[in-house]
Amino acid sequence: MAARKSSKSRAQRAEALDLNPRHLWLAALGAAVAARRGAAGVAHEAGLRTRIAAADARYALRNLDANTRAGIESLSDRIQPFLCPIGRTVQAGIAPLAQRVGLSLGPQHAARRKADKPAKTSARRSPARTSGTAKRAGRKTARAVG
């Protein structure tokens, strides 16, 4: 048979629950510590949020700057082929007037030309690869490997 726990009488429990100044002091001290820790945590969290918001703002400004510069460069590349002929025409029209007055306009705008294609290189083939069957065999192995 199990032993029964001894329990305090009601009078002893009531006496233990009585408040005395020491209990009040410890409760107030605990409340003050909890409030201080809570306030420190709130202040720390507010500081973190402000730093995160500032970092997000800097990131957004960098992205805006990069996107704006890229857009301007792209627009410039698209407009330049249309504006260069106009500039050459205006410069050619003003050049005689500038010479009469005694002004020099500087170098003329060069005509826009297409980029040169890279030169074709002729690769020498080895004697083993000259026949048609050797070429087909080489392609088959290259496909199988790739």
Side-chain angles (χ1 to χ4, degrees), residues 5 7-8 10-146:
K5 272 187 178 178
S7 62
K8 294 181 178 180
R10 284 184 181 235
Q12 288 175 340
R13 273 189 263 146
E15 188 178 304
L17 293 177
D18 284 343
L19 295 177
N20 61 32
R22 183 172 182 263
H23 292 137
L24 293 175
W25 165 250
L26 290 175
L29 191 60
V33 168
R36 192 179 116 231
R37 286 182 182 165
V42 168
H44 179 70
E45 188 173 329
L48 283 177
R49 286 187 182 177
T50 56
R51 284 191 293 257
I52 290 171
D56 288 345
R58 283 192 302 270
Y59 177 76
L61 284 175
R62 280 195 305 267
N63 275 351
L64 177 68
D65 183 43
N67 291 341
T68 304
R69 287 179 190 273
I72 289 171
E73 187 176 327
S74 171
L75 184 64
S76 173
D77 289 344
R78 282 189 269 159
I79 291 176
Q80 187 176 8
F82 299 108
L83 292 182
C84 282
I86 295 170
R88 283 192 299 275
T89 305
V90 169
Q91 189 174 13
I94 294 176
L97 297 173
Q99 285 178 352
R100 285 185 202 156
V101 178
L103 297 174
S104 64
L105 293 179
Q108 292 230 344
H109 283 280
R112 190 175 169 99
R113 55 175 223 193
K114 294 184 179 179
D116 293 332
K117 293 183 179 177
K120 292 184 178 179
T121 58
S122 60
R124 290 186 158 207
R125 297 200 180 261
S126 65
R129 305 248 354 233
T130 55
S131 69
T133 56
K135 288 180 187 177
R136 282 193 295 275
R139 283 196 299 260
K140 286 180 183 175
T141 57
R143 286 184 194 148
V145 171

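FYI, the numbering just counts along the sequence from 1. Keep in mind that the numbers below use all heavy atoms, side chains included, and drop hydrogens, waters and symmetry copies.
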Any donor-acceptor N/O pair, [X] side chain to [Y] backbone, under 3.5 Å:
X	Y	answer
Ser74	Ala70	no
Thr89	Pro85	yes
Asn67	Asn63	yes

Please determine whether side chain to side chain contact (heavy atoms under 4.5 Å, CB included) holds for the pair Arg69 and Ile72, giving the CA-CA distance in whole Å, both sets of side-chain angles, and the decisive distance to 0.1 Å.
CA-CA 5 Å; Arg69 287 179 190 273; Ile72 289 171; 5.8 Å; no

Distance-only criterion, 3.5 Å: show the donor-acceptor pairs between side-chain atoms of residues 32-48 and protein atoms not counting sequence neighbours.
from, atom 1, to, atom 2, distance (Å)
Glu45, OE2, Arg49, NH2, 2.7

Rounding to 0.5 Å, atoms CD (Gln80) and CG (Leu75) come to a distance of 11.5 Å

Quick one: CG on Leu61 to OG1 on Thr68, what's the gap to the nearest 0.5 Å?
10.0 Å

Partner set under side-chain hydrogen bond (donor to acceptor under 3.5 Å, both in side chains) for Asp56, not counting sequence neighbours
none

